[in-house]
Q: 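Sharing a structure below in structure tokens format, with a few things to ask.
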Amino acid sequence: EYSISNHTEEPSCQLTTVLCVVLGGTTGRLHTHSVSCGAALLLSKMLCYLILALAFVGGVFSEGEGEERARLLAAKRVHNLYLVEGRDIVVQYSVHNVGQAAAINVQLTDAGFSTEDFDIAGGQLQVKFDRIAPNANVSHTVVVKPKKYGYFNFTAAEVSYQPSEESAEIQIGYTSEPGEGGIIAFRDYDRKFSPHVFDWMIFALLMIPALLVPFLMWYNIKSKYATVPRSKKGKSD
């Protein structure tokens with residue numbers, strides 16, 4: 001004969017009852033044993049630790065897989081201290097591979113210098129590198145000339161590449177942004193920083209008569225009085 005005995009749990013306990021079958025002798029009795037709140041809390045903590053452990057292991061494996069891909073860091077810098085209308089501005093791009101695989105078909109494109117605002121004096125705004133090895137870096141330089149003065153926002157350039165030789169996926173990134181810079185008008189820059197060689201030559205030519213005329217007058221007077229003989233005193237008888 002089987003009998004079922006129930007045990008009532010307090011409402012505060014999260015787990016109600018667990019059914020256990022206890023077999024003894026020829027008569028089997030089905031007893032219900034309740035799990036205390038402390039045991040339920042311990043069980044929930046163990047589940048939390050298990051989930052955290054699985055998440056940590058998954059993160060380690062995902063990080064290990066990511067190490068086999070190329071990761072590029074790119075920077076864009078303007079080397080000029082003063083940006084002047086009609087004068088050369090040197091812009092340098094540097095790309096560094098911090099990943100564990102080579103970057104393939106790296107293409108650098110800068111669409112920030114329009115033909116309406118700048119002339120390209122040297123270099124190219126679109127360049128391609130076939131391969132960048134791990135822990136290697138490459139650089140590229142462009143020289144531009146602004147056509148007009150005013151404030152200009154130097155935006156980021158775009159970098160696209162394949163993260164590994166086996167991958168056909170195209171990664172797209174961007175360089176750093178130099179930000180907004182003021183382009184000085186050439187006449188203002190020339191007035192402040194030019195050596196003014198031509199101006200000094202004009203000044204010297206104008207000063208020659210002012211210095212030469214007084215010198216000639218002094219020289220004539222000196223020559224006139226220098227030629228007059230001094231009278232000698234006669235000897236006394």
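Computed from a prediction, not measured in an experiment: that's the story for all the values here.
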Q: Short question: side chain of Thr155, backbone of Gly112 - any donor-acceptor pair under 3.5 Å?
A: no

Q: Of all heavy-atom pairs between Asn153 and Gly179, which one has the smallest distance, and what is that distance?
A: OD1-C, 3.5 Å

Q: Return the CZ to CD distance between Phe152 and Glu180, rounded to the nearest 0.5 Å.
A: 10.0 Å

Q: What about Ile104 and Leu73, same hydrophobic cluster or not, with Ile/Leu/Val/Met/Phe/Trp/Tyr joined at side-chain heavy-atom distances under 4.5 Å?
A: no

Q: Are side-chain heavy atoms of Thr141 and Val91 found at a separation under 4.5 Å?
A: no

Q: Working note: Arg187 + Glu85, criterion salt bridge (charged side-chain N to carboxylate O under 4.0 Å, His left out); need CA distance, chi angles, decisive distance, verdict.
A: CA-CA 9 Å; Arg187 61 178 182 271; Glu85 174 191 11; 5.5 Å; no

Q: Would you confirm whether Ser167, through its side chain, and Pro163, through its main-chain N or O, come within 3.5 Å as a donor-acceptor pair?
A: no

Q: With a 4.5 Å limit on heavy-atom distance, are the side chains of Ser176 and Arg77 in contact?
A: no

Q: Would you give the length of the straight line joining atom CG of Leu83 to atom CD1 of Ile184, rounded to the nearest 0.5 angstrom?
A: 7.5 Å

Q: Run the side chain to side chain contact (heavy atoms under 4.5 Å, CB included) check on Tyr149 and Phe186 step by step: do they pass?
A: CA-CA 8 Å; Tyr149 62 90; Phe186 179 77; over 6 Å; no

Q: Are a donor atom and an acceptor atom from the side chains of Ser223 and Asn220 found within less than 3.5 Å of each other?
A: no

Q: So which heavy atom on Phe118 is nearest to which on Lys147, and how close?
A: O-CE, 3.7 Å

Q: Go through it in stages, so that I can follow the logic: the residues are Asp190 and Val84, the test is side chain to side chain contact (heavy atoms under 4.5 Å, CB included), and I'd like the CA-CA distance, side-chain angles, deciding distance and then a yes or no.
A: CA-CA 10 Å; Asp190 186 67; Val84 185; over 6 Å; no

Q: Within the distance-only criterion (no hydrogens, no angle test), does the side chain of Asp188 pair as donor or acceptor with the backbone N or O of Lys192 below 3.5 angstrom?
A: no

Q: Go through the steps for Phe193 and Tyr82 under the test ring-ring contact (aromatic ring centres under 6.0 Å, His included), then give the verdict.
A: CA-CA 11 Å; Phe193 296 101; Tyr82 297 101; 4.9 Å; yes

Q: Identify whether Val127 and Tyr161 are in the same connected component of the hydrophobic contact network (ILVMFWY, side-chain heavy atoms under 4.5 Å).
A: yes

Q: Count I, L, V, M, F, W, Y as connected when their side-chain heavy atoms are under 4.5 Å apart, and connections chain through other members. Are Leu81 and Val78 then in the same cluster?
A: no

Q: What verdict does the side chain to side chain contact (heavy atoms under 4.5 Å, CB included) test give for His96 and Leu72, after you've listed the backbone C-alpha separation in whole Å, the side-chain angles of each residue and the deciding distance to 0.1 Å?
A: CA-CA 6 Å; His96 184 69; Leu72 299 184; over 6 Å; no

Q: Can you give me the closest heavy-atom contact between Gly99 and Pro134, atom names plus distance?
A: O-CB, 3.5 Å

Q: Donor-acceptor pair, distance only, cut-off 3.5 Å: does the side chain of Asn80 make one with the backbone of Val90?
A: yes

Q: Give the minimum heavy-atom separation between Ala70 and Ala101, together with the two atoms involved.
A: CB-O, 3.3 Å

Q: Taking Thr175 for the side chain and Ala157 for the main chain, is one N or O donor matched with an acceptor at less than 3.5 Å?
A: yes

Q: Please report the C-alpha distance between Gln92 and Ser139 in whole Å, then the side-chain angles of each, then the deciding distance to 0.1 Å, and finally whether the side chain to side chain contact (heavy atoms under 4.5 Å, CB included) criterion is met.
A: CA-CA 7 Å; Gln92 185 180 29; Ser139 61; 4.0 Å; yes

Q: Determine, using the 4.5 Å side-chain heavy-atom cutoff (strictly less than), whether Val98 and Val106 are members of one ILVMFWY cluster.
A: no

Q: Is the shortest side-chain heavy-atom distance between Gln107 and Glu158 below 4.5 Å?
A: no

Q: Taking the side chain as everything from C-beta on, heavy atoms only, tell me whether Asp110 gets closer than 4.5 Å to Lys76.
A: yes

Q: Give, for atom CD of Glu68 and atom CD of Glu166, the distance between the pair rounded to the nearest 0.5 Å.
A: 9.0 Å

Q: Would you kindly confirm whether Leu216 and Val213 end up in one hydrophobic cluster when ILVMFWY residues are joined by side chain heavy atoms under 4.5 Å apart?
A: no

Q: For Val95, does its backbone N or O pair with a side-chain atom of His140 as donor and acceptor, under 3.5 Å?
A: no

Q: Check whether any side-chain heavy atom of Asn135 sits under 4.5 Å from a side-chain heavy atom of Asn97, and report yes or no.
A: no

Q: Anything under 30° is parallel, anything over 60° is perpendicular, the rest tilted; go ahead and classify Trp218 against Phe215.
A: tilted

Q: Is any side-chain heavy atom of Leu108 closer than 4.5 Å to one of Gln126?
A: no

Q: Can you find a pair of side-chain heavy atoms, one from Ile89 and one from Lys145, that are under 4.5 Å apart?
A: no

Q: Checking Arg69 against Glu169 for the salt bridge (charged side-chain N to carboxylate O under 4.0 Å, His left out) test, could you report, in this order, the C-alpha distance in whole Å, the side-chain angles of both residues, the deciding distance, and whether it holds?
A: CA-CA 11 Å; Arg69 299 167 63 89; Glu169 178 186 3; 3.3 Å; yes

Q: With side chains defined as the heavy atoms from C-beta onward, is the minimum distance between Lys128 and Asn105 less than 4.5 Å?
A: yes

